Every structure is written in structure tokens, then in C-alpha cells.
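For clarity, every value in this text was computed on a predicted model and none was experimentally measured.
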Amino acid sequence: MRLCCLHRFRVVVFLLSAVWLASPASLPAAPLVEGFSGEGPFPTRNYNPVQLLFLSMPAEAATTLARGAYEVKLEYAESNIIVWEKTPRVDATLKFETFRFSLQLKHGLTDRLEVGLHVPYLYRNGGFLDPFIISVEKAIASFNVDRLTFTNGSFGGYEITIDGETVISGEDRQSGLGDIVLGGKWLALTETRTRPALAVRAALKLPTGDFGRAFGSEHPDVGVGLALQKSVGRRWSLYLNQSVVFPTGDFGGTDITLWPISSTALAVEFRWTPRFSLVGQVDYFTSPFYNTGTQILDKGVTEAVVGFNYRIRPRVLWQLYGIENFNWPFGAGADFTLGSDVSFRFS
């Protein structure tokens with residue numbers, strides 16, 4: 001019996017409620033520093049390995065770096081996926097884990113304009129999250145029997161065949177450079193007591209990844225988006241990101257039309273202390289595929305994210321979070337992702 005959306009939805013609601021129920025009256029929180037503005041949402045993306053081929057605009061705060069300031073961010077994400085679907089047109093097998101390492105550099109050109117460079121590196125193998133995922137699934141009585149088809153931690157395959165032709169495939173223990181992204185953000189409105197901060201974002205993906213090993217799409221993508229941010233009281237911050245990505249070219253030489261990808265991220269941050277905050281976040285992604293006859297390519301995905309921000313030092317921020325896809329059994333998303341990043345700021 002496949003995973004039940006209801007069970008997963010209950011788990012998501014429980015985790016998000018844990019963030020909301022953390023109120024100042026019930027926590028031994030330290031006094032906040034006046035003007036403390038929060039650390040922002042998690043830089044999530046759709047970690048389905050097929051969706052990673054296209055440009056993504058991760059959630060972020062609306063605020064920008066100060067003029068002349070720099071930020072260096074090291075990101076790590078490990079995502080587990082298990083998909084086994086066969087239709088008259090599409091035959092897909094995806095059972096492995098993707099390890100995504102990335103280096104991100106940002107620079108404040110003015111007090112309202114920043115530019116950035118994002119360089120990803122990917123590696124795939126059988127991974128080690130299977131035992132953890134199986135234990136959680138059994139605990140909530142929603143075990144996915146597809147996992148019994150493969151040995152725990154094994155590489156079960158990465159191949160998608162459309163109309164009898166293998167369009168994309170990858171091997172075990174492959175690694176390589178992904179598609180490099182250039183981006184920028186302009187703070188159009190600063191936050192006041194009555195209005196949120198509003199920023200306009202833009203990004204360009206360069207085709208530097210190898211499509212033959214499923215690390216890039218072979219074509220550039222362009223994306224635009226908006227980011228809003230508003231403080232509520234002295235401990236809460238709300239974030240909303242909306243973006244649209246326009247893929248270019250074809251998909252692996254097929255006649256499949258690629259559609260714009262829309263993504264939405266809504267996050268709530270509760271500041272427990274001036275250095276530590278809890279974040280609950282919900283993301284939604286559409287797919288660039290339409291009417292291929294398989295839900296794992298066509299269907300959008302909704303995910304819940306829970307984690308924390310911890311400012312180790314005044315200029316060093318650590319984020320740790322987990323992403324749960326509750327569109328199972330179908331949806332163009334990874335099953336579960338564990339992510340973490342560390343940001344360093346300097347002038």
C-alpha cells in the first residue's frame with residue numbers, strides 16, 4: 001500500500017503547529033535586541049532530480065546586503081527519491097539519493113541592489129536515509145512498500161523512457177558540476193510599520209552541467225520573482241516569495257513542450273532568542289512538463305519545511321531544515337530532503 005497523503009498531511013500539520021505554538025509566554029526566551037529583523041526563510045528548491053535540471057529561485061528574505069558588503073554561503077542538501085511508474089508512454093525508475101553541494105557568492109552594489117553567483121556540484125548514490133524514512137513511515141502507519149523492491153541504501157536506478165526512447169539517465173556514484181546561476185535582487189520598498197519590504201528578483205541559469213549524466217538541462221533558463229517580508233511584533237516575521245522560471249530549448253531532444261515553472265514559498269519565523277529562531281515553511285512548485293501521461297513529471301508538488309536558524313557569531317548564520325513532500329504517491333518532488341547551510345558576511 002502506497003503512502004497516504006492524509007497521514008503525511010497530519011505529520012506536516014503537527015510539525016508546523018509546533019512552531020506556531022511556541023509563544024513568548026511559554027518559552028524562557030532571552031530579551032530581544034531592539035531592531036532585530038530575523039534571519040529569513042530556508043533556501044529551498046524542488047529537489048526532484050529531474051526538476052533540478054531547471055532553474056530554481058530559492059526562497060529568501062526581501063532585504064539586501066549593504067553597499068560594499070559580501071556574503072559567502074555554503075549549502076548542502078541530501079534528497080531521497082523513490083519512484084516507479086509505468087504508463088503507455090512513459091517508463092520511469094528513480095531510486096537513489098542526490099547530494100547537492102553549492103557555493104553562493106553575493107555582493108551589495110548599493111544599499112538596495114545586490115548581485116550573486118551560485119555554483120552547484122552534485123553527487124548521487126544509494127544514500128543512507130532509507131532506514132530513517134522507513135522507521136518514520138512505519139511509525140505513522142503509512143509505509144511505502146515500493147521501498148521493499150530495493151535493498152536499503154541501494155541505487156535502484158535512474159532512467160526515464162518516453163515513447164520507447166531513453167530521454168534521461170544517470171549512473172550510481174556519478175558526480176559533476178551543475179548549472180551555474182547568476183542572479184540579482186533590488187529592494188523596491190523598505191519595511192515600515194504598515195507595509196512589508198518588497199524586493200524584485202531576477203536570475204539566469206547557464207548550461208554548464210552535463211545533460212548526458214543528468215546534471216544540467218543543456219539550455220539556459222531565465223527567472224523573475226518577488227520577495228516580501230514583514231515583522232509582526234518583536235518575535236515574528238512573515239515571508240512570501242513568488243517566482244516564475246522560463247525554460248528554453250527542448251528536453252533531451254524530444255518534442256515535449258516545456259512550460260513556465262511557478263513557485264511559491266510562505267514562511268513564518270519565531271525568534272526564540274536574538275541568536276536562535278524556529279521556522280515553518282510551505283512551498284509549492286509547478287512542473288515544466290504537461291500532458292506527458294505520467295504524474296511524476298506533470299504534477300506539481302507541495303512541501304512542508306521545518307527547521308531553525310542559529311547565528312553562531314554576529315556575521316555567521318547556520319540553517320538546518322527538513323523538507324517533506326506530502327503529494328505522495330505522485331508528484332514531481334523528492335520524497336524527503338535534509339538541508340543545511342552556513343553563511344558568512346563581511347565588508
Side-chain angles (χ1 to χ4, degrees), residues 35 37-46 51-52 54-73 75 102-120 179-206 217 219-232 236-248 258-269 279 281-288 300 303 305 309 317 319 341 343 345 347:
S37 60
E39 308 296 359
F42 301 122
T44 53
R45 64 190 75 232
N46 189 340
Q51 306 296 322
L52 280 179
F54 304 98
L55 173 64
S56 178
M57 299 183 69
E60 63 177 345
T63 54
T64 55
L65 295 175
R67 180 194 301 267
Y70 292 87
E71 180 180 271
V72 178
K73 178 181 288 188
E75 293 184 16
S102 63
L103 170 66
Q104 180 173 296
L105 306 175
K106 288 184 179 181
H107 175 57
L109 293 180
T110 72
D111 286 335
R112 291 193 174 210
L113 177 63
E114 68 180 30
V115 294
L117 171 71
H118 188 92
V119 183
D179 288 338
I180 294 175
V181 176
L182 305 176
K185 182 171 62 173
W186 174 59
L187 182 61
L189 295 173
T190 57
E191 182 178 350
T192 67
R193 185 179 296 273
T194 58
R195 77 179 183 204
L198 171 66
V200 180
R201 308 166 64 201
L204 170 66
K205 181 177 75 67
L206 306 177
S217 68
H219 303 285
D221 297 337
V222 177
V224 294
L226 298 174
L228 288 91
Q229 174 180 342
K230 186 69 177 75
S231 297
V232 181
W236 297 91
S237 290
L238 305 177
Y239 306 91
L240 176 65
N241 279 239
Q242 177 65 54
S243 63
V244 180
V245 169
F246 300 92
T248 66
L258 296 176
W259 294 75
I261 306 168
S262 174
S263 64
T264 304
L266 174 63
V268 180
E269 180 179 17
V279 178
Q281 184 171 323
V282 176
D283 300 332
Y284 176 74
F285 307 94
T286 66
S287 173
E303 299 179 328
V305 192
N309 296 319
L317 174 67
Q319 295 183 306
D341 62 75
S343 303
R345 289 190 178 183
S347 301

Student: Do Leu187 and Thr63 have side chains that get closer than 4.5 Å, going by heavy atoms?
Tutor: no
Student: For residues Lys205 and Ser217, determine if any side-chain heavy atom of one lies less than 4.5 Å from a side-chain heavy atom of the other.
Tutor: yes
Student: Just verifying a value: how many Å separate Leu266 CG and Asp283 CG, rounded to the nearest 0.5 Å?
Tutor: 9.0 Å
Student: Any side-chain to backbone donor/acceptor pair from Lys185 onto Ala61? Under 3.5 Å, distance only.
Tutor: yes
Student: With rounding to the nearest 0.5 Å, note down the distance linking CG in Leu55 to CG in Asp179.
Tutor: 9.0 Å
Student: Closest heavy-atom contact between Ser243 and Ser263?
Tutor: OG-OG, 2.6 Å
Student: May I ask you to say whether Glu60 pairs ionically with Lys73, meaning some side-chain N is under 4.0 Å from a carboxylate O?
Tutor: no
Student: Quick one: are Val268 and Trp236 in side-chain contact, heavy atoms under 4.5 Å?
Tutor: yes
Student: For a 4.5 angstrom cut-off between non-hydrogen side-chain atoms, does Ser237 reach Tyr239?
Tutor: yes
Student: Identify the heavy atoms of Glu75 and Gln104 that sit nearest to each other, and give their distance.
Tutor: OE2-OE1, 3.9 Å
Student: Going through the distances and angles, do Gln51 and Ser287 end up as a side-chain contact (heavy atoms from CB on, under 4.5 Å)?
Tutor: CA-CA 8 Å; Gln51 306 296 322; Ser287 173; 3.5 Å; yes
Student: Going through the distances and angles, do Val279 and Asn309 end up as a side-chain contact (heavy atoms from CB on, under 4.5 Å)?
Tutor: CA-CA 8 Å; Val279 178; Asn309 296 319; 3.5 Å; yes
Student: Kindly compute the distance separating NZ (Lys106) from CZ (Arg345), expressed to the nearest 0.5 Å.
Tutor: 7.5 Å
Student: When rounded to the nearest 0.5 angstrom, what distance separates CG in Leu189 from CZ in Arg112?
Tutor: 7.5 Å
Student: Given the rule in the side-chain hydrogen bond (donor to acceptor under 3.5 Å, both in side chains) test, do Gln242 and Ser262 qualify, once you have shown the distances and angles that lead to the verdict?
Tutor: CA-CA 8 Å; Gln242 177 65 54; Ser262 174; 3.0 Å; yes
Student: Taking the side chain as every heavy atom from C-beta outward, state whether Val245 and Met57 have any pair of such atoms under 4.5 Å apart.
Tutor: yes
Student: Using a 4.5 Å cut-off on heavy atoms from C-beta on, say whether the side chain of Arg45 contacts that of Pro58.
Tutor: yes
Student: Please walk me through it: do Phe246 and Leu258 pass side-chain contact (heavy atoms from CB on, under 4.5 Å)?
Tutor: CA-CA 8 Å; Phe246 300 92; Leu258 296 176; over 6 Å; no
Student: Is it the case that the side chain of Tyr70 and the backbone of Ser347 share a donor-acceptor pair, with hydrogens and angles ignored and the cut-off at 3.5 Å?
Tutor: no
Student: Please round to the nearest 0.5 Å and tell me the distance separating atom CD1 of Ile261 and atom CZ of Phe285.
Tutor: 10.5 Å
Student: Do you know the tightest heavy-atom contact between Ala62 and Gln229?
Tutor: N-OE1, 3.1 Å
Student: Short question: side chain of Arg201, backbone of Gly223 - any donor-acceptor pair under 3.5 Å?
Tutor: no
Student: Write down the atom of Val181, the atom of Ala203, and the distance for their closest heavy-atom approach.
Tutor: CG1-CB, 4.1 Å
Student: Please round to the nearest 0.5 Å and tell me the distance separating atom CG of Leu103 and atom CD1 of Ile180.
Tutor: 10.0 Å
Student: Taking all non-hydrogen atoms of both residues, which atom of Phe42 and which atom of Gln319 are closest, and how far apart?
Tutor: CD2-NE2, 3.8 Å
Student: Side chains of Leu206 and Leu182: does their closest heavy-atom pair fall under 4.5 Å?
Tutor: yes
Student: Kindly give the heavy-atom pair with the smallest separation between Thr248 and Asp221, and that separation in Å.
Tutor: N-OD1, 3.3 Å
Student: Any side-chain heavy-atom pair from Pro41 and Gln281 closer than 4.5 angstrom?
Tutor: yes
Student: Give me the one residue out of Leu240, Asn241, Thr286 that meets side chain to side chain contact (heavy atoms under 4.5 Å, CB included) with Thr264.
Tutor: Leu240
Student: Starting from the C-alpha separation in whole Å, work towards a yes-or-no answer on side-chain contact (heavy atoms from CB on, under 4.5 Å) for Val115 and Leu109.
Tutor: CA-CA 7 Å; Val115 294; Leu109 293 180; 3.7 Å; yes
Student: Under the criterion side-chain hydrogen bond (donor to acceptor under 3.5 Å, both in side chains), I'd like the reasoning laid out for Thr44 against Glu303: C-alpha separation, chi angles, the key distance, then a yes or no.
Tutor: CA-CA 10 Å; Thr44 53; Glu303 299 179 328; over 6 Å; no
Student: Could you check Arg67 against Glu114 for salt bridge (Lys or Arg N to Asp or Glu O under 4.0 Å), going step by step and ending with a plain yes or no?
Tutor: CA-CA 8 Å; Arg67 180 194 301 267; Glu114 68 180 30; over 6 Å; no
